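Please read the structure below before turning to the comments.
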2 protein chains.
Amino acid sequence: MPSLDRVEPIPVADGTIDDEFWNHWIDLTRADLLEYQYEQLEESGCLENFRRAADGADGGFRGMWFADSDAYKWLEAASYVLATREDAALRRRVDEVIDLVAAAQEDDGYLNTYFALEEPERKWTNLNMMHELYCAGHLIEAAVAHYRATDETALLDVATALADRVDELFGDEIDGVPGHQEIELALVELGRATGDDRYVDLAQYFVELRGRDDCLEREFERLDEIAGYDPEDGGIAAGAREVFYEDGEYDGSYAQAHTPFFEQETVEGHSVRAMYFFAGVADVAAETGDEALLDHLESLWENMTEKRTYVTGGIGSSAHGERFTDDYHLPNETAYAETCAAIGSVFWNQRLFGLTGDARYADLIERTLYNAVLAGISSDGGEFFYDNRLESDGDHHRQGWFDCACCPPNVARLFASLGRYLYATGERRLYVTQYVGSSATATIGGADVEIEQASGLPWDGDATIDVRAATPTEFTLFLRLPEWRDDESVRVNGEEVSTAAVDGYLPLEREWDDDRIEIAFGQSVVPVEAHPAVEADAGRVALTRGPLVYCLEGADNERPLHQYRIDGESNFEASSRDDLLGGVVTVDGDATVPDLEDWDGELYRPASETTRRATSITAVPYYAWDNRDPGEMRVWLRGDT
Amino acid sequence: MPSLDRVEPIPVADGTIDDEFWNHWIDLTRADLLEYQYEQLEESGCLENFRRAADGADGGFRGMWFADSDAYKWLEAASYVLATREDAALRRRVDEVIDLVAAAQEDDGYLNTYFALEEPERKWTNLNMMHELYCAGHLIEAAVAHYRATDETALLDVATALADRVDELFGDEIDGVPGHQEIELALVELGRATGDDRYVDLAQYFVELRGRDDCLEREFERLDEIAGYDPEDGGIAAGAREVFYEDGEYDGSYAQAHTPFFEQETVEGHSVRAMYFFAGVADVAAETGDEALLDHLESLWENMTEKRTYVTGGIGSSAHGERFTDDYHLPNETAYAETCAAIGSVFWNQRLFGLTGDARYADLIERTLYNAVLAGISSDGGEFFYDNRLESDGDHHRQGWFDCACCPPNVARLFASLGRYLYATGERRLYVTQYVGSSATATIGGADVEIEQASGLPWDGDATIDVRAATPTEFTLFLRLPEWRDDESVRVNGEEVSTAAVDGYLPLEREWDDDRIEIAFGQSVVPVEAHPAVEADAGRVALTRGPLVYCLEGADNERPLHQYRIDGESNFEASSRDDLLGGVVTVDGDATVPDLEDWDGELYRPASETTRRATSITAVPYYAWDNRDPGEMRVWLRGDT
């Protein structure tokens, strides 16, 4: 049984990032993403839906039936930006959007523009598919973020009114769970922000009800009663129904409702839903202190990370149902690995980290951020991958926007809140969990402690951390030792530290005053192999360096990529290339390719005639792929493993 | 410019197979396939369509709109059987079916039960999709086979009446080509059987018109005029239309109509259509002596065999459109390699062989027969593969019948006519093209020559051929030297022959009287590799022995098949296993698999930690796969190439 060895991540408002690598992405978020996405909210009709709902219009809803959440995610991201810097123009725009949202709210607290405009008589009837509770969750998250950033309650009032309405109905008039989780974690946040335990109880209700037989049956009965939801009708829900029913009767696994939480042995179903669900369960565990919940979450985490995660940290192998499939089924060319699922994984891992202080969660957050999440956005911030393949023949490209536009605003809210993943505190403890240039303030043992970090990641493993306590204070500073490091050298005030590592950390116990920590993590190129049960990666290696996974692109390599082979004795070198992809470190190394000269027309020949010759490859960070002319890409290269 | 170095394959009626390997398949055809397929003709409604059409019924057509061809293919196969042995019961049944067919023919010669029953006013309007000419072609082939087998003209009269009607209309009232070729080669056969050149001219007309711009345009104009063929209508043609239009406007390539024959540089489109087309072109070349046609056919053959053919001889990489795709695109798990396309390839190759006497065509026929065709049928003859994958996770199985039941009767007519592929004659020449136990009679230099062959193929490379001339006659006997042989030893009347090989043959020139040839072709296990441009086979080898391609099946090998690796130094042994799969020679050999003991929960680890251990594999002939409990199969195994 794990103990709830809590740590408290430092909130977003208290950390400011100033990092050579991440500044680009955070500046993009502030300057471009929020602007661009706001324009999309207008263009897609999302904001117009709110206006029309406020006017009491009938029909004319535009976009996916859960489009309200796009506006809420934008508000959340914008609030995180406002938390870290003044921006009067952004603030005005946020206020305007909040006004639109508030005006669309109905007298009893109900708020969903799809139902308001299209099917007002069918509110709360199709929980499985119609995402009212999902949208409510995003509203609540945005409201809490806005309240914390501004101390204003304009949006929080809207959210609490809707949450109160949900609380009033559910468990009483209606018994059911949302088809897409999100409200669970949002309600816990609302409970924390307002101090009102009802919201946590309601989150717990949703967590506990999910997967109970009678719950799913009631859903289907309710659905069968509604002629309008007959898939034959081709209504707005028909597409969603197909996802459920294509392979026969729906067993609930798509939404982790196939069996109650404690009976789930493997991570199943739609991977974004799974991540949001498990994050919500972790939040409930944090508030209720229920160690059994945490224990079971950890076993699910182990199933995911030991059997169902791409080397990039991406999850969800199949586009069909955007879901987890089977253990070790990790196809590369058809990898789904949705950007939102990776972001959801960061959310879940951060909560597990908060509950346990365990470095393995921070390790996975780092790997996921630098690879699975970052690949989701183009280097100019203008285009996005919904699904992230690990191999492409050159036909898969980022797009400007999507009908189901969940990923772009999710990227924005993650980048805008990146500060919350860097440090955490505990009882006379300070954790440095991510090596990102930043400054932050923590309170430890009653004293304010200022932290200022400079980091060379991901290009080199050097970091400097200055710790300045308002009064000299004794506490232990835990430096996370990244899983990828070859070795580490840590000096405090110039003196090499010889402390032993403990559970993935280097614990530095002393009276901190005004001290400098100098860190050097060794970063060499490491070809990795996958577990032999992974068919897609059999006989293949992926090149990694530090937290980055590398890939080959056609732009840097002459031959079709399947012709390169990496041998066990191959040498690799890292080269800093300021001219390339906005400045990256490439990995250059030895490889062999088949001799083509020997072939003369035949399509098959005795393998004994084969000859290969030496050549070299140039690999670029996976996140940076598809930023040049279209071409082949592959992460898993042929090896001799 | 190649010369038309004609050879004359010995007709089916003059060769009788008695072969340890093939007897099983030919007996199946005679005893079971024809019976089973006749039952299917009744069950599927195919024969009932003829009855109803004869009765002048309206509507009620059953099956695919080209179902008539199933009856014709059955008649053709049955006729080949009747050509080689008396079978009174079969003969009666054939006569009954011929009566049904004849009764359904209209006064002007028209015959197609779909149009007769469903859309009598729309005859000849939708040549692209509705297959009237395709069905007519199969009727003609059956009629010629029946006439040659029995000397009776009951079916030939029906066929000539229909052919006359087509000849009357086409090039005059109607200008157009069929969407599915077949009538071209059939018309040439009809011309040969009747001595009437009109039919050859008509075949030439269809060959020359195909792919001309105005021809395709006229098709579309005609189609657009017919409201009933609007794909939105969901009529019987809508499904076929989707095949054309899914990727935008149809360019004709699906039916080799994208450009005229002489401008086609690569084999394109639906692979069965392509094979039937090229076979028809070869037939026209044979009758007209047009060497340019042959020359261009040979360049297309080279494109196909050097860039677009599976190691099994299978063709057509994509299920979408059942078609050829790009050079070197030969995916294994999604291989289409339709059984009918392989049969079509045999047809085309046999015609190229007839035109040139070139051994390479006989080589490909052998490879295709033993692998791509034979895999199409289960060992008990009861189930069929429509598409033949080269790798399966255990979910792909033969089926008893298909809505589009083209493959089973095609297999039957090929097996029933296998005798025509074994020997050929030329000016004082006798060719032994396939090593199959059989007896045949040829006329060479005016003398009857009897040939009697015993062969150990595919299990060993030994064969004995007795040649008995009615009077001692000087001619050259050309023994094909199979492409797969390691070496050969040939004795005539006990004396080793030291003649040099010429173009894939061993020419034995002598006065033949009553002589025995003893042949021993060396057969060792040869792992082959594919051209480096074939991505699907990169780093892989396929095991071959003699004409057979081998595969691994889960039933014989413990580990998931992707874990086995064949090294360059691997040793292989062939073992005769009477107990297995009706008696096969297995290939057993060295391989390595990853050590699983070293793995402890991690999904990825440095490749430098990898270790493999020695093990062995057992491979079975590819044609015999999926005759046991469902499980994995793969032809291309990991190698170190």
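Every value quoted in this text rests on a predicted model; they were computed, and no experiment measured them. Just the heavy atoms: all of them, side chains too, but no hydrogens, waters or symmetry mates, feed the values below. Just so it is clear: chains get the letters A, B, ... in the order the sequence lines come, proteins before strands, and each one is counted from 1.
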Any idea which heavy atoms bring B:Gly601 and A:Glu306 closest together, and the distance?
O-CG, 3.0 Å
Would you mind checking which part of A:Val541 comes under 4.5 Å of any heavy atom in chain B, side chain (CB onward), backbone (N, CA, C, O), both or neither?
side chain
Are the side chain of A:Arg565 and the backbone of B:Gly539 linked by a donor-acceptor contact shorter than 3.5 Å?
no
Of A:Tyr328, A:Trp484, A:Trp636, which is the lone residue that meets ring pair (Phe, Tyr, Trp, His ring centres under 6.0 Å) with B:Tyr604?
A:Trp636
Please flag which part of B:Val534 lies under 4.5 Å from any non-hydrogen atom of chain A: side chain, backbone, both or neither.
both
Region of A:Asp537 that comes under 4.5 Å of a non-hydrogen atom in chain B
side chain
Chain A contact via B:Gln563 - which portion, at a heavy-atom distance below 4.5 Å:
side chain
Taking side chain as everything from C-beta outward and backbone as N, CA, C, O, which of these in B:Thr544 sits under 4.5 Å from a heavy atom of chain A? Side chain, backbone, both or neither.
neither
If I measure from the heavy atoms of chain B, does A:Leu330 come under 4.5 Å with its side chain, its backbone, both, or neither?
side chain
Under 4.5 Å to a heavy atom of chain A? For B:Arg605 that would be both
For A:Thr592, is it the side chain, the backbone, both, or neither that has a heavy atom closer than 4.5 Å to a heavy atom of chain B?
neither
Just to verify, what does B:Glu391 make a salt bridge (Lys or Arg N to Asp or Glu O under 4.0 Å) with, not counting sequence neighbours?
B:Arg540, B:Arg634
Heavy-atom proximity to chain B below 4.5 Å, by part of A:Arg638:
side chain
So which of A:Ala538, A:Pro594, A:Ser608, A:Gly639 has the largest heavy-atom pair count under 4.5 angstrom toward chain B?
A:Ala538
Closest heavy-atom pair, B:Glu529 versus A:Trp599, reported as atoms and distance to 0.1 Å, is OE2-CZ2, 3.3 Å
My understanding is that only residues two or more places apart in sequence, or in another chain, count here; which of them pass side chain to side chain contact (heavy atoms under 4.5 Å, CB included) with A:Ala335?
A:Tyr310, A:Leu390
Can you list everything that forms a salt bridge (Lys or Arg N to Asp or Glu O under 4.0 Å) with A:Asp327? Sequence neighbours excluded, please.
A:Arg308
Which residues in residues 358-366 of chain B have any heavy atom closer than 4.5 Å to a heavy atom of chain A?
none
Interface check, chain B: of A:Glu302, A:Glu535, A:Lys307, most non-hydrogen pairs under 4.5 Å belong to A:Glu535
Among A:Asp640, A:Val526, A:Thr309, A:Leu596, residue most engaged with chain B (heavy-atom pairs, under 4.5 Å):
A:Thr309
A:Pro532 versus chain B, heavy atoms under 4.5 Å apart: side chain, backbone, both or neither?
both
